[in-house]
Amino acid sequence: MGHEPARHWTRRAPRPITRQTRKAACRDGAPVHLTGPPMSRYSPAEIEPKWQQAWDEALTFRAERKEGKPKYYVLEMFPYPSGRIHIGHVRNYTMGDVVARYKRATGHNVLHPMGFDAFGMPAENAAMASGGHPKTWTYDNIDTMVDQMKPLGLSIDWSRMFATCDPEYYGQQQALFLDFLEQGLVYRKNAVVNWDPVDMTVLANEQVEDGRGWRSGALVERRELTQWFFRISDFAEDLLEALDGLDDWPAKVKTMQANWIGRSRGLQFAFSTTDAPEGHDRIEVYTTRPDTLLGASFVGISPDHPLAKHLERDNPEVAEFCAECRRVGTSEEELETAEKKGLNTGITVRHPFDTSWELPVYIANFILMDYGTGAIFGCPAHDPRDLEFARKYELPVQTVFAPAMGEEGTFILPEDGGPAYVPPKVETVRYLKPFAGAEAMTGDEAVDAAIAFCEENGVGQGVTKFRLRDWGLSRQRYWGCPIPVVHCEACGVVPEKKENLPVVLPDDVSFDQPGNPLDRHPTWRDVPCPSCGAPARRETDTMDTFVDSSWYFARFTAPRAETPTDMADAEYWMNVDQYIGGIEHAILHLLYSRFFTRAMHLTGHLPEKSREPFDALFTQGMVTHAIFQTKDKAGRPVYHFPEDVELRDSSAFLKDGTEVEIVPSAKMSKSKKNVVDPVSIVSDYGADTARWFVLSDSPPERDVEWTAAGAEAAHRHLSRVYRLAMEAAGAGDDAGSGDEALLREMHKTVHDVTQGIESFGFNAAIARLYAFTSTLAKADAGGPAKRQAALTLAQLMSPMTPHLAEEMWSLLGGEGLLADAPWPTADETMMVESTVTLPIQINGKRRAEIEVPKDMGKDEVEAMAMAHESVQRALDGGQPKKVIVVPGRIINVVV
RNA sequence: GCCCGCGUGGUGGAAUGGUAGACACAGGGGACUUAAAAUCCCUAGGCGCAAGCCGUGCCGGUUCGAGUCCGGCCGCGGGCACCA
């Protein structure tokens, strides 16, 4: 290391350069250390670009098939090119990088790619807001983000990068679509969308605010359009069953998916109607609780049910009610949280068990046409929604079952004002109105008995249904993958020929008016019919962006292939061994991807093993930051940037002395002014500090709060490590008295850090590295032992802080690039301790501890514990009731 | 509303059902320095002079032993099919 450059990495980096420079000059002028080697400071600005260049030149992270070497595919969920990387990205990619670098060091051939999920609404919104083009906006953003990501020193094979808006990518996606179409995996049907009648455009759910279009403010309507659907529901059973085999997925994600797919066993049967219009003499209903049939008090149908639509035609009251229901948004959340409303149709149905018992038929706003048959019977006593509805419309409430004998407790019958009684189906309850099976049964048993009874008596049939609906992929938007079909007057819907792919988006479009620019493009729609050659029109809908992200991981295995995938590459690289991303994708993205890989297998684009594409999944938490706020005169919050706030004694103040309220751990958002920009962190402290910090402190699956103090501490620690490495490099060749102790600790650290990384306990691994750094700093060891310890420390830190580690490696005389060095192994014999400390509990509370040889017998341990003065004191001359000795763990004396 | 999580010192957090608070931040004290910065050392859950007592959101349960398992409640977060 030569002389220091002008730029210095001082404690508080965001200081003006002039001051730093002055200080540096002053320091360099007077020798700080009069003895020993010249002491250089840790300078990430210098070493980080140096090592990044070294890795680049050596093509260290270029992934190539190497038969015979175990492959490892690690992938972080690719980003949307919003324009700037976010500290959450840094955390996500750093975690992936730790895994990637660790796997490289343990002899794996690693694939670690990066790309961009580049289609979507923000690009169009930006174009509408500031007049640019979505394409320019997107590619500019990608350039910026790549520039921001590269300095992080991620071990990514950048040669495989692509964006989903590249025609080379979406053209292959169109080929997939055509193959799916041919295979019968895609079809068209009507579906409702949010329609803005003023802007004449389809709105996404997030563009609907309180039932109004976000730009026009117009009341949103539901409108039916013919749209394309993937038959994901055909795979419901398989997608559900296969969850069992995903051993390395978080249980919570599997539970969420299982609930989403929602397999249920129930009874489907028909009520016969009275006074209903022709063709509606039966109403089919589906129920998962046929055991409550004797508690039925009304029948509810969806406003979109055929009977409701029929009545609507010549009954203005019904028409108005249905119209009102349709003003509620299309999302399940809105339907469920809206006030329960119904309209009595005047039609009644006969109860299947007693034809003299008539139930009223209501059109109800909380019944979905998409689920079951779009009609239900209401049992208010055992369903909170039905109870709310029954109380509102003064319908009867009749309890069917009550808590089992002896567990009644404070049970209040729902008809007496109690809440709806909905115990878990595995719980045994007492049936007050049984019609099948015993009086005391579990809900599950009762449902089975009820289905059997109904089937025997010809009332209905047991059926299995799924909540999972088919995946609607049509979007009435420009910035997405065009659906490659053509509408021909003579031939109908005709797939585009594969040789005509990609169907490329036209560049000459404008966003000065709402609606889909593809619809109003002068020529783009006009094409000859691929079948008969007559003039025809292109489909102007584009694909849901979830399609783009449902197979990008497969494309990374052969990103430039002329077909969607290359089988040899897919065979070699698939599956993704470790997938890392946010929990917010637990359901949709992951479920759609699991469907897509199944469909890609059926159409010959992926091997059988890739039906489940992600062998292991890790869901990481968010990065949060405190919000600094004051209140204006009206009491509304005013937000302040962290750099405008001074922290004094855990309170915060503005420059003018106003005290600021600190809201801790809030999700970062621009409007709250609590966003931390990774770029400034990297330029202030270096990438290694940023990487080290986002991994320390918080377990990866949990949120981590970014604090300036924490980042400084991380930087201080790395400087210390660097100093220790310098010291070790310059130390003599004599042995020291603490050599063995240091090396013992080193081996334990190797073991613990390895475990930490293997189990995604990055924060624990880092805590261990802190401890070992302390040990090394204090060790009374000789030069050789210190150098060995420092080299190992560099290796153990290399997945987290690769540049610093590489620098230490070269300082200490390591061979070649550390990035190519094998992972250290712990010598088990160095880790064995001869004695163990056992805590002694008295009645479960720790009162003392004894140190015993590791292999001491249980009886001897017990005798030693009993002889201990605090045990004797507790016994007070008596005998213990019980003594539990867990060898190597604990002693508990019960007195 | 429904599904899934999470809740531990002043703060971020650690803890295969077995010593609650590792490691770190902020704090307090000290060393070095003319001084400051940097660095290093010590201290540190609460209450108590102490012996000791109390402590993992709240209430209850299982267990020799519960932060961890079970039930109920409260609070916060994620998802709810056109945000990505």
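Proteins get letters first, then strands, A, B, ... in listed order; numbering begins at 1 in each. The structure displayed is predicted, hence computed values, not measured ones.
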Q. Closer than 4.0 Å, any side-chain N/O of A/R889 to the OP1 or OP2 of B/U16?
A. no
Q: Quick one: do A/R385 and A/E388 satisfy salt bridge (charged side-chain N to carboxylate O under 4.0 Å, His left out)? Show the steps, please.
A: CA-CA 5 Å; A/R385 282 186 312 190; A/E388 186 189 333; over 6 Å; no
Q: Could you tell me whether A/R467 and A/E332 have a side-chain N and a carboxylate O separated by less than 4.0 Å?
A: yes
Q) When Watson-Crick pairs (N1 to N3 and N6-O4 or O6-N4) and G-U wobble pairs (N1-O2 and O6-N3) count only below 3.5 Å on both distances, what is the dot-bracket string of RNA chain B, with | for other-strand pairs? A) (((((((..(((.....[....))).(((((.......))))).(((....)))..(((((..]....))))))))))))....
Q: Using the P atoms only, state how far B/C58 lies from B/A66, rounded to an integer number of Å.
A: 15 Å
Q) At under 4.0 Å between heavy atoms, what does A/N843 touch on the DNA or RNA strands: base, sugar-phosphate, or nothing? A) nothing
Q.
Salt bridge check, A/R768 against A/E745: does any charged N sit closer than 4.0 Å to a carboxylate O?
A. yes
**Q.** Test item: A/R691 side-chain N/O and A/M800 main-chain N/O as donor-acceptor pair under 3.5 Å
**A.** yes
Q.
With a 4.0 Å cutoff (strictly under), does any side-chain N or O of A/R469 reach OP1 or OP2 of B/A81?
A. no
Q: Please check the phosphate of B/C82 (OP1 and OP2 only) for any side-chain N or O of A/R223 closer than 4.0 Å.
A: no
(Q) Quick check on B/A24: is either OP1 or OP2 less than 4.0 Å from any side-chain nitrogen or oxygen of A/S696? (A) no
(Q) Regarding A/K254, tell me which of base, sugar-phosphate or nothing describes its non-hydrogen contacts under 4.0 Å with the strands shown. (A) nothing
Q. When the nearest nucleotide of RNA chain B is assigned to A/R768 and to A/T255 on a heavy-atom basis, which residue is associated with the more 5' position?
A. A/T255
Q: Fit a plane to each ring of A/F230 and A/F595, take the angle between them on a 0 to 90° scale, and name the class: parallel (under 30°), tilted (30 to 60°) or perpendicular (over 60°).
A: tilted
Q | 4.5 Å side-chain heavy-atom contact, A/F693 and A/Y685 | A | no
